[in-house]
Amino acid sequence: MTAAAIERRSWVLPVMGLAVSLHVRGEGARSAPAVRRAVPVVFGRLRFADRMFSPYREDSEVSRIRRGESPSGHPWVTEVLALCELARERTDGYFDARLPGGFDPSGLVKGWAVEQSITALADLEGFDYCLNAGGDIVAAVRSAASPAWRVGVEDPRDRSRLVAVREVRSGGVATSGSAARGAHIVDPHTGARPDALLSVTVTGPSLLWADVFATAAFARGGDVESWVRASAPGYEAFAVGPDP
């Protein structure tokens, strides 16, 4: 069955300062009560994660930690702090939420929050889904008869073009770079803002870890593909440099 022949519905809402889109396909996607119940939960969890971890909100957990205050005991905070430490270890320190400019887990939190939110769709048997949060994408295909989701990767030199298309049946696609937000990624080892690459895209079974390794690989530079493959078995990466 082609993607065009499968019933599909989409939602686009602003969350985390982004246009977040959710696509659900399968028979009854436009009217199934289970889908209607699950979608608000997905976006509600994303909004809650944003309130807790936004570096731009004075009342967020990130701002509390930056001010030297003790974080709350909410289990999400405990989990994110532990994941940040694990990410630092797994990436040889090229991902580190505790930067000289202050605590910032953004390179992990978005992928983590998307995965937390999408569990609301876990029990929707027979429905495929794809959630896109600012270019970080998690997707699943539930039926062997359904085609893979096709995910386009923007060319950071010309964002009207694509440099690649990835087919995803289960897992995540994350891109880190300077095209959308400028030079915001810091090499934790030097404090410098790397400029050898324009973007790094990582695909694999978990969006959280694809996001972490995309950020770390961009900060590290060098042979992105082989480093990600060796550091994160099951994940693949490719980089775009400034040259055509």
Side-chain angles (χ1 to χ4, degrees), residues 3 6 8-26 29 34-35 37-50 52-53 76 79-80 83-84 86-87 90 95 105-143 146-154 162 164-177 180 199-217 228 232-238:
I6 304 174
R8 177 169 170 172
R9 185 171 177 186
S10 302
W11 298 258
V12 182
L13 294 173
V15 188
M16 300 179 175
L18 306 165
V20 177
S21 62
L22 173 63
H23 307 265
V24 177
R25 67 187 187 192
V35 173
R37 288 193 298 268
V39 170
V41 177
V42 171
F43 285 100
R45 289 178 180 174
L46 285 173
R47 291 192 182 97
F48 184 67
D50 185 42
M52 295 196 77
F53 298 108
W76 278 17
E79 182 176 348
V80 165
L83 284 169
C84 285
L86 180 58
R90 289 190 65 185
F95 177 93
S106 300
L108 179 148
V109 160
K110 187 166 66 165
W112 172 86
V114 168
E115 289 191 338
Q116 289 289 320
S117 72
I118 215 71
T119 58
L121 303 178
D123 296 330
L124 295 182
E125 295 184 7
F127 293 101
D128 308 328
Y129 62 78
C130 179
L131 191 151
N132 182 342
D136 285 354
I137 295 165
V138 64
V141 176
R142 301 292 182 78
S143 169
S146 294
W149 294 95
R150 290 173 56 82
V151 177
V153 180
E154 286 182 349
L162 299 179
V165 175
R166 292 291 183 260
E167 293 195 345
V168 181
R169 296 191 68 84
S170 178
V173 180
T175 298
S176 290
S199 71
V200 174
T201 297
V202 177
T203 61
S206 163
L207 175 60
L208 184 161
W209 290 108
D211 202 5
V212 164
F213 276 97
T215 301
V228 168
Y235 291 77
E236 296 290 336
F238 73 91

After noting the C-alpha distance and the side-chain angles of V141 and R25, does the key distance pass the side-chain contact (heavy atoms from CB on, under 4.5 Å) rule? CA-CA 9 Å; V141 176; R25 67 187 187 192; 3.7 Å; yes

Please report the C-alpha distance between L131 and L22 in whole Å, then the side-chain angles of each, then the deciding distance to 0.1 Å, and finally whether the side-chain contact (heavy atoms from CB on, under 4.5 Å) criterion is met. CA-CA 4 Å; L131 191 151; L22 173 63; 4.1 Å; yes

Apply side-chain contact (heavy atoms from CB on, under 4.5 Å) to L86 and R90, showing your working. CA-CA 6 Å; L86 180 58; R90 289 190 65 185; 4.1 Å; yes

Intermediate values then yes/no, side-chain contact (heavy atoms from CB on, under 4.5 Å), Y235 and F213: CA-CA 9 Å; Y235 291 77; F213 276 97; 5.7 Å; no

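Contact record, T215 with S176: OG1-OG, 3.1 Å, taken as the closest heavy-atom pair. Considering all non-hydrogen atoms of both residues, F95 and A216 come closest at N-CB, 4.0 Å. Taking each heavy atom of A49 and M16 in turn, the nearest pair found is CB-CE, 4.4 Å. Between V114 and A133, the shortest heavy-atom distance links the atoms CG2-CB, 3.8 Å. Considering every non-hydrogen atom in both E115 and S206, the closest pair reads OE2-OG, 3.0 Å. The two residues A38 and L121 come nearest to each other via the heavy atoms CB-CD2, 3.5 Å.
In this structure, NZ on K110 lies 11.0 Å from CG on L46, to the nearest 0.5 angstrom. For the atom pair CG of D128 and OG of S170, the computed distance is 11.0 Å after rounding to the nearest 0.5 Å.
Not counting sequence neighbours, the partners of V35 by the side-chain contact (heavy atoms from CB on, under 4.5 Å) test are W11, V24, A32, V39, L124, F127.
For residues 200-211, no pair satisfies salt bridge (charged side-chain N to carboxylate O under 4.0 Å, His left out), with sequence neighbours left out.
Between W112 and F53, the ring-plane angle classifies as perpendicular under the 30° and 60° cut-offs.
Residues V80 and M52 fail the side-chain proximity criterion, which asks for heavy atoms closer than 4.5 Å. Looking at heavy atoms from C-beta onward, W209 lies in side-chain contact with L83 at the 4.5 angstrom threshold. No side-chain heavy atom of T201 sits less than 4.5 Å from a side-chain heavy atom of R166.
A donor-acceptor pair is defined here as one N or O able to donate and one able to accept, closer than 3.5 Å; no such pair exists between the side chain of W149 and the backbone of V138.
In summary, of the residues considered (L207, V153, N132, T203), a side chain to side chain contact (heavy atoms under 4.5 Å, CB included) with I137 occurs for N132 alone.
Because its NZ or CZ atom is not both nearer than 6.0 Å to the ring centre of W76 and within 45° of the ring axis, R45 does not count as a cation-pi partner of that residue.
Annotation for R150: atom CZ does not count as buried by contact number, only 12 or fewer foreign heavy atoms lying within 6.0 Å.
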